Trainee: 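Got a structure for you, questions after.
Only a predicted model underlies this, so the values are computations on that prediction, with no experimental measurement involved.
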Amino acid sequence: MKAAVFHRYGPPEVLVYEDVEPLPVGPRDVKIKVKATALNFYDVLARRGAYKPNERWPHILGGDISGDIVEVGSEVTSVEVGQPVVVYAAVGCGTCEICLKGEPNCCVKYRYFGAHLWGGYAQYCVVPEFNVVPLYKGMSYAEAASINMTFLTSWHMLVTRANIRAGEDILIHAAGSGIGVAAVQIAKMMGLRVFGTAGTDEKCRKALELGADHMINYRKQDFFEEIQRLTGKRGVDVVFEHVGKDVFDRSVRCLVRMGRLVTCGGSSGYEVTMNVNHVFHKQLTIIGSNHGTKNELARIVKCLEAGKLRPVIDRIMPLEDAARAHQMLEQREGFGKLVLEPPQ
C-alpha cells in the first residue's frame with residue numbers, strides 16, 4: 001500500500017511517500033480502506049519524537065481515520081465488510097480498572113494510533129474491532145476524519161471534565177485550531193458566552209461566524225486585559241487551555257473566584273509557571289483532560305447527525321503532500337482541519 005511514513009524523527013521533510021506492507025488482520029481486528037485522515041498537533045509531536053519509541057520503523061502517523069471496512073477477523077461480530085466507520089484513536093491495556101470503566105484514554109498503558117501505533121496516513125489501516133464507530137448516512141469521510149480527536153477531545157474537556165453549564169463565561173484559546181473550532185461550537189450548544197483568542201483578524205472573524213461572542217487577536221491585544229475589560233473585571237468561569245507555556249499564568253488570572261481551567265496539552269511548551277497565590281486564594285480548580293471515550297464519540301456523531309455540530313475543514317490535500325500539510329500545521333496556517341486523502 002502507499003503511505004506517508006518517516007524512518008527517523010525530525011522536521012516535516014522526514015515524511016516520505018512510499019510503499020509499505022499493511023499489518024496482518026488478527027482475529028479481533030478489522031482492516032479499513034482509509035478514505036480520509038485529518039492532521040492533529042500530536043502528529044507533529046510524534047514526528048519530532050515526543051512519543052518515542054513507537055512500535056516499529058518506518059512509522060505511520062494519523063489518529064483521525066475514516067473509511068470502509070474491507071476485512072474482518074474471525075472473531076469480529078459487531079461490524080461487517082463494506083460498513084463506513086470512524087476510528088476511536090485510544091487503545092488501552094483492556095484489563096485495568098480504568099479500561100474496564102470504558103476509559104482507555106486514561107489507562108496507564110494507553111497508546112494512540114499515529115503516535116505509538118501505525119495510523120491513517122496510508123491506503124489501509126488495521127485496528128481492533130472495539131475502536132470503530134459506524135458513521136451515519138450523508139456524512140462525508142473528510143468530515144468524519146475531522147471529528148475524532150478534535151470534537152472528542154473538546155467534548156471530554158468541556159462536558160465531562162469541566163462540567164460546563166449554561167450561562168457561564170468561557171475563554172477558548174486558539175479558537176481557529178481544530179479543537180478550538182470544536183470547543184466554540186460545543187460551548188455555544190451548551191449555552192455559554194464564548195470569548196476566544198486567535199492569531200489573525202481573519203481567524204477571529206471566522207470564529208465569530210461559528211458562534212463566538214467576542215474574539216481577541218492575541219498578536220494585537222493582551223488577552224488578559226481584554227477579558228478584564230469585556231467582563232467588567234469579573235473574569236471567566238472556565239478557561240479552555242491547550243497552548244501551555246505562553247498563556248498559562250495569564251489564563252489562571254483570567255478566572256473568576258471558584259473558576260476552573262481545563263487543559264489537554266501545551267503546543268508552546270509543557271513547562272509552565274504561575275503564581276499559586278491566585279489558585280488557593282480564589283479557590284480555583286486546575287483540571288487535566290486527555291482525549292475522550294468511545295461512548296462520548298458516539299454521542300458526538302449523533303449531535304453531528306442532528307446538525308447541532310459541524311466539522312470545519314480548511315482544505316483537503318493528497319496524502320503524498322503530508323510533509324507540506326505538516327508545515328502548514330506548524331505555521332498555524334488555515335482555520336479548522338487539514339485533511340489528507342490517500343489514493344483510492
Side-chain angles (χ1 to χ4, degrees), residues 1-6 15-40 43 46 54-95 99 102 104-105 110-149 152 291 293-295 297-298 300-301 316 318-320 322 339-344:
M1 67 179 181
K2 291 292 186 182
V5 308
F6 62 105
L15 286 168
V16 293
Y17 188 63
E18 62 185 33
D19 290 310
V20 297
E21 286 295 322
L23 296 176
V25 178
R28 296 183 179 179
D29 293 336
V30 301
K31 185 177 184 179
I32 298 170
K33 183 176 184 180
V34 179
K35 295 287 190 176
T37 184
L39 273 68
N40 294 284
D43 292 342
N54 40 273
E55 289 197 342
R56 59 180 59 82
W57 290 109
H59 188 62
I60 301 176
L61 298 168
D64 270 337
I65 307 164
S66 67
D68 295 331
I69 295 177
V70 293
E71 184 179 346
V72 299
S74 59
E75 298 179 16
V76 171
T77 59
S78 64
V79 291
E80 59 188 21
V81 171
Q83 195 167 7
V85 294
V86 63
V87 173
Y88 171 63
V91 178
C93 70
T95 59
C99 284
N105 54 303
Y110 80 86
R111 296 170 295 167
Y112 285 144
F113 293 110
H116 316 93
L117 308 169
W118 271 15
Y121 286 23
Q123 288 181 296
Y124 297 93
C125 69
V126 175
V127 306
E129 174 187 15
F130 172 82
N131 288 83
V132 295
V133 174
L135 295 185
Y136 66 83
K137 292 181 180 179
M139 186 177 194
S140 75
Y141 293 104
E143 290 175 328
S146 299
I147 66 170
N148 183 355
M149 297 301 297
L152 181 53
H291 196 39
T293 68
K294 182 181 177 182
N295 183 53
L297 180 58
I300 290 167
V301 169
I316 300 172
L319 180 61
E320 60 188 286
V339 177
L340 298 174
E341 287 188 341
Q344 299 301 310

Trainee: The criterion is side-chain hydrogen bond (donor to acceptor under 3.5 Å, both in side chains); which residues satisfy it with Glu129, sequence neighbours excluded?
Mentor: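 Partners of Glu129 by the side-chain hydrogen bond (donor to acceptor under 3.5 Å, both in side chains) criterion, ordered by chain and then number, come out as Ser78.
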Trainee: Strictly distance-based, threshold 3.5 Å: is any side-chain N or O of Lys294 a donor or acceptor partner for the main-chain N or O of Val133?
Mentor: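 Here the side-chain-to-backbone pair does not exist.
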Trainee: Can you measure from CG (Leu15) to CD1 (Ile60) and round to the nearest 0.5 angstrom?
Mentor: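 Between Leu15 CG and Ile60 CD1, I get 11.0 Å after rounding to 0.5 Å.
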Trainee: If the condition is side-chain hydrogen bond (donor to acceptor under 3.5 Å, both in side chains), which residues does Asp43 pass it with, not counting sequence neighbours?
Mentor: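 Asp43 satisfies side-chain hydrogen bond (donor to acceptor under 3.5 Å, both in side chains) with Tyr121 once adjacent residues are dropped.
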Trainee: Sequence neighbours excluded, which residues qualify as side chain to side chain contact (heavy atoms under 4.5 Å, CB included) partners of Leu117?
Mentor: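 Leu117 satisfies side chain to side chain contact (heavy atoms under 4.5 Å, CB included) with Glu55, Val91, Arg111, Phe113 once adjacent residues are dropped.
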Trainee: Does anything in residues 16-25 pair up under salt bridge (Lys or Arg N to Asp or Glu O under 4.0 Å), and if so which pairs, sequence neighbours excluded?
Mentor: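 Passing the test, one end in residues 16-25: Lys2-Asp19.
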Trainee: Show your working on side chain to side chain contact (heavy atoms under 4.5 Å, CB included) between Val30 and Val127 and close with a plain yes or no.
Mentor: CA-CA 6 Å; Val30 301; Val127 306; 3.8 Å; yes
Trainee: State, to 0.1 Å, how close Pro58 and Val20 come at their nearest heavy-atom pair, and which atoms those are.
Mentor: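 Here Pro58 and Val20 meet closest at CG-CG1, 4.2 Å.
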Trainee: Please give me the minimum heavy-atom distance between Cys99 and Pro104, naming the atom from each residue.
Mentor: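 For Cys99 versus Pro104, the nearest heavy atoms are SG-CA, 4.1 Å.
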Trainee: Give a yes or no answer on whether the side chain of Trp118 reaches the backbone of Gly62 with a donor-acceptor pair at less than 3.5 Å.
Mentor: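 Answer holds: no.
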Trainee: Flag the pair Val34 / Met1 as yes when at least one side-chain heavy-atom distance between them is below 4.5 Å, and no otherwise.
Mentor: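 Result no, sub-4.5 Å side-chain heavy-atom pair not found.
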Trainee: Which atom names give the shortest non-hydrogen contact between His59 and Gly114, and what distance separates them?
Mentor: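 Heavy atoms only, the tightest pair is NE2-O, 2.8 Å.
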Trainee: Return a table of donor-acceptor pairs under 3.5 angstrom between the side chains of residues 65-74 and protein atoms on other chains or two or more places apart.
Mentor:
| from | atom 1 | to | atom 2 | distance (Å) |
| --- | --- | --- | --- | --- |
| Ser66 | OG | Tyr141 | O | 2.7 |
| Asp68 | OD1 | Tyr141 | OH | 2.5 |
| Asp68 | OD2 | Tyr141 | OH | 3.1 |

Trainee: Just to verify, what does Ala46 make a side chain to side chain contact (heavy atoms under 4.5 Å, CB included) with, not counting sequence neighbours?
Mentor: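 Ala46: side chain to side chain contact (heavy atoms under 4.5 Å, CB included) contacts with Tyr51, Leu61.
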Trainee: Applying side chain to side chain contact (heavy atoms under 4.5 Å, CB included), can you list everything that pairs with Ser140, at least two apart in sequence or on another chain?
Mentor: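 With neighbours one apart ignored, the set is Ala142, Glu143.
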Trainee: Kindly give the heavy-atom pair with the smallest separation between Asn148 and Gly63, and that separation in Å.
Mentor: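 Heavy atoms of Asn148 and Gly63 come nearest at ND2-O, 3.2 Å.
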Trainee: Within the structure provided, determine whether Val339 and Ser146 are in side-chain contact (heavy-atom separation under 4.5 Å).
Mentor: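 Yes - at least one pair of side-chain heavy atoms lies under 4.5 Å apart.
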Trainee: Output all residues satisfying side-chain hydrogen bond (donor to acceptor under 3.5 Å, both in side chains) with Asn54, sequence neighbours left out; order by chain, then residue number.
Mentor: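 Asn54 satisfies side-chain hydrogen bond (donor to acceptor under 3.5 Å, both in side chains) with Tyr9 once adjacent residues are dropped.
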Trainee: When you measure from the side chain of Asn131 to the backbone of Ala90, do you find a donor-acceptor pair of N or O atoms at a distance under 3.5 Å?
Mentor: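 A pair under 3.5 Å: yes.
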Trainee: Measuring from Thr293:OG1 to Asn105:CG, what's the distance to the nearest 0.5 Å?
Mentor: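 Between Thr293 OG1 and Asn105 CG, I get 6.5 Å after rounding to 0.5 Å.
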Trainee: According to ring-ring contact (aromatic ring centres under 6.0 Å, His included), does anything in residues 65-93 pair up with another residue at least two apart or in another chain? List the pairs.
Mentor: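 Listed by first then second residue: Tyr88-His291.
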Trainee: For residues Val5 and Val16, determine if any side-chain heavy atom of one lies less than 4.5 Å from a side-chain heavy atom of the other.
Mentor: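 Yes - at least one pair of side-chain heavy atoms lies under 4.5 Å apart.
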Trainee: Look at the side chain of Asp64 and the backbone N and O of Asn40, then say whether any donor-acceptor pair between them is shorter than 3.5 Å.
Mentor: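 Checking the backbone N and O of Asn40 against the side chain of Asp64, no donor-acceptor pair under 3.5 Å is found.
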Trainee: Can you measure from NE2 (His116) to CZ (Arg56) and round to the nearest 0.5 angstrom?
Mentor: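 Rounded to the nearest 0.5 Å, the NE2-CZ separation comes out at 13.5 Å.
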Trainee: Could you walk me through whether Ile147 and Met139 satisfy the side chain to side chain contact (heavy atoms under 4.5 Å, CB included) test, starting with their C-alpha distance in whole Å, then the side-chain angles of each, then the deciding distance to 0.1 Å, before giving a yes or no?
Mentor: CA-CA 11 Å; Ile147 66 170; Met139 186 177 194; 3.9 Å; yes
Trainee: To the nearest 0.5 angstrom, please state how far the CD atom of Gln123 sits from the OG1 atom of Thr37.
Mentor: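 OG1 of Thr37 is found 13.0 Å from CD of Gln123.
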Trainee: Enumerate the residue pairs fulfilling side-chain hydrogen bond (donor to acceptor under 3.5 Å, both in side chains) with a member in residues 22-32, sequence neighbours excluded, ordered by first and then second residue.
Mentor: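 Every side-chain hydrogen bond (donor to acceptor under 3.5 Å, both in side chains) pair that includes a residue of residues 22-32, provided the two are not neighbours, is Arg28-Glu75.
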